[in-house]
Amino acid sequence: MLRSLPNVVRFRPAAEGEPNLLRRRHALVVVLTFLTGSADAVGFLALGGAFSSVMTGNMVLLGLSAGSGHAELALTSGCAIVSFIIGVLAGARLAGSARPDDPVWPRQVTRALVLELLVFVVFLVVWVVNLPHPSAQLDLALLMLSATALGIQSSAVQRFGVPGLSSTYLTGTLTSLIAGVAARSPWRKLRPRAHVLLALMTGAAVGALVAVHLPACSPVLLLVPLVFVIAVSARMAE
């Protein structure tokens, strides 16, 4: 009598069967990382000196404010951290967790990015209201909206279930890139990490230029890349 074989849950070998979709997914994550760099630059330069996505940096700023008695910095960095956590929770609820039968780009990721887009639309409205007569209160509200949106994005990208793939926290990406260089890994394996890091720095540079010289256009740097990613990813999920 034959014994039934146990059911073994395995993730689909997407890397073998869908290389074009994998390259497209990586390109879209690079675009999201550009958005992240822009949002961090705008937050740091125009919205109170804290970051929208770099929560490690905000935790350091929170510690510095406690040690120096800087109440305003403590409020700004603390609110950014809380808002990012709220965004992560909302994004995780909507995007869900990686599953063995997931396609390269699950629909839930796009749905979470749509929620991020809605948050950035509110950001745009508040930005327009705040631009003629800036106030510290509205600046803080804008930073909180931006941090919430980036928290949603962070959870959305985690749905892919790919170790090391992120558009928001990239210290590990830098570490693995340098370790790979030291180990003389092939460039084809290191190139995706280099792309992401370059996108972050480019986004920050462009965001800084726009925030300083064309502040009215700052929300465009956040909305246009996100709309592009949503439009392309919606076709991928069909």
Side-chain angles (χ1 to χ4, degrees), residues 28-55 57-58 75-95 108-157 167-168 199-235:
L28 294 182
V29 172
V30 168
V31 174
L32 290 175
T33 308
F34 174 89
L35 184 162
T36 297
S38 299
D40 279 326
V42 171
F44 189 81
L45 294 174
L47 302 177
F51 299 103
S52 297
S53 77
V54 188
M55 292 304 111
N58 285 337
L75 178 64
T76 302
S77 56
C79 286
I81 293 170
V82 172
S83 299
F84 186 85
I85 292 172
I86 292 172
V88 169
L89 292 172
R93 182 67 179 242
L94 192 56
Q108 291 86 346
V109 175
T110 301
R111 291 171 186 165
L113 294 180
V114 170
L115 176 60
E116 179 186 4
L117 177 62
L118 293 176
V119 175
F120 272 132
V121 168
V122 177
F123 178 96
L124 170 63
V125 173
V126 178
W127 184 277
V128 171
V129 171
N130 189 43
L131 192 61
H133 305 288
S135 71
Q137 291 79 12
L138 286 181
D139 283 347
L140 180 60
L142 286 166
L143 178 66
M144 293 174 68
L145 286 168
S146 183
T148 300
L150 269 294
I152 295 170
Q153 179 179 302
S154 183
S155 288
V157 174
S167 65
T168 52
L200 180 73
M201 292 184 288
T202 303
V206 175
L209 288 172
V210 172
V212 172
H213 300 290
L214 295 169
C217 297
S218 293
V220 175
L221 289 176
L222 312 179
L223 289 167
V224 171
L226 188 54
V227 169
F228 173 79
V229 171
I230 291 171
V232 175
S233 66
R235 298 184 64 181

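Numbering of residues begins at 1 and proceeds along the displayed sequence.
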* To do: Would you give the length of the straight line joining atom OG of Ser77 to atom CZ of Phe51, rounded to the nearest 0.5 angstrom?
  => 10.5 Å

* Does the Ser83 side chain pair with the main chain of Leu145, one donor and one acceptor, at a distance under 3.5 Å? -> no

* Within-4.5 Å side-chain heavy-atom neighbours: Leu28 and Ser233 -> yes

* Structure fact -> CG of Leu35 to OG of Ser53, rounded to nearest 0.5 Å, is 9.5 Å

* Asked: Which atom pair, heavy atoms only, marks the closest approach of Leu142 to Asn130?
  -> CD1-ND2, 3.8 Å

* Hey, are the side chains of Val42 and Ser146 touching, using non-hydrogen atoms and a 4.5 Å cut-off? -> no

* What is the minimum heavy-atom distance between Leu221 and Gly207, and which atoms define it? -> CD1-CA, 3.6 Å

* Please round to the nearest 0.5 Å and tell me the distance separating atom OG1 of Thr148 and atom CD of Gln153. => 13.0 Å

* Asked: Is a donor on one side and an acceptor on the other found under 3.5 Å between the side chain of Ser155 and the backbone of Val88?
  -> yes

* To do: Only one of Val54, Thr168, Leu150 passes side-chain contact (heavy atoms from CB on, under 4.5 Å) with Asp40; say which it is.
  => Val54

* Heavy-atom pair with the smallest gap, counting every atom of Ser154 and Phe84 -> CB-CZ, 4.0 Å

* Quick one: does Leu143's side chain get under 4.5 Å of Ser52's, heavy atoms only? -> yes

* To do: Sort out for me which residue in Ile152, Leu223, Val227 forms a side-chain contact (heavy atoms from CB on, under 4.5 Å) with Phe120.
  => Leu223

* Nearest atoms (heavy-atom pairs only) where Ala112 meets Gly91 -> CB-O, 4.5 Å

* Min side-chain heavy-atom separation Pro225-Leu32 under 4.5 Å -> no

* Report yes if some heavy atom in the side chain of Glu116 is under 4.5 Å from a heavy atom in the side chain of Val119; otherwise report no. => no

* Asked: Would you call Ile230 and Thr110 a side-chain contact if the rule is heavy atoms closer than 4.5 Å?
  -> yes

* Asked: If every non-hydrogen atom of Arg111 is compared with every non-hydrogen atom of Leu94, which pair is closest and at what distance?
  -> O-CD2, 3.4 Å

* Contact summary for Met55 and Ile81, nearest pair of heavy atoms -> SD-CA, 3.6 Å

* Judged by atom type as modelled, is there a donor-acceptor pair below 3.5 Å linking the side chain of Asn58 to the main-chain atoms of Gly78? -> no

* **Atom pair CG/CG of Leu209 and Leu45 - distance to nearest 0.5 Å** => 10.0 Å

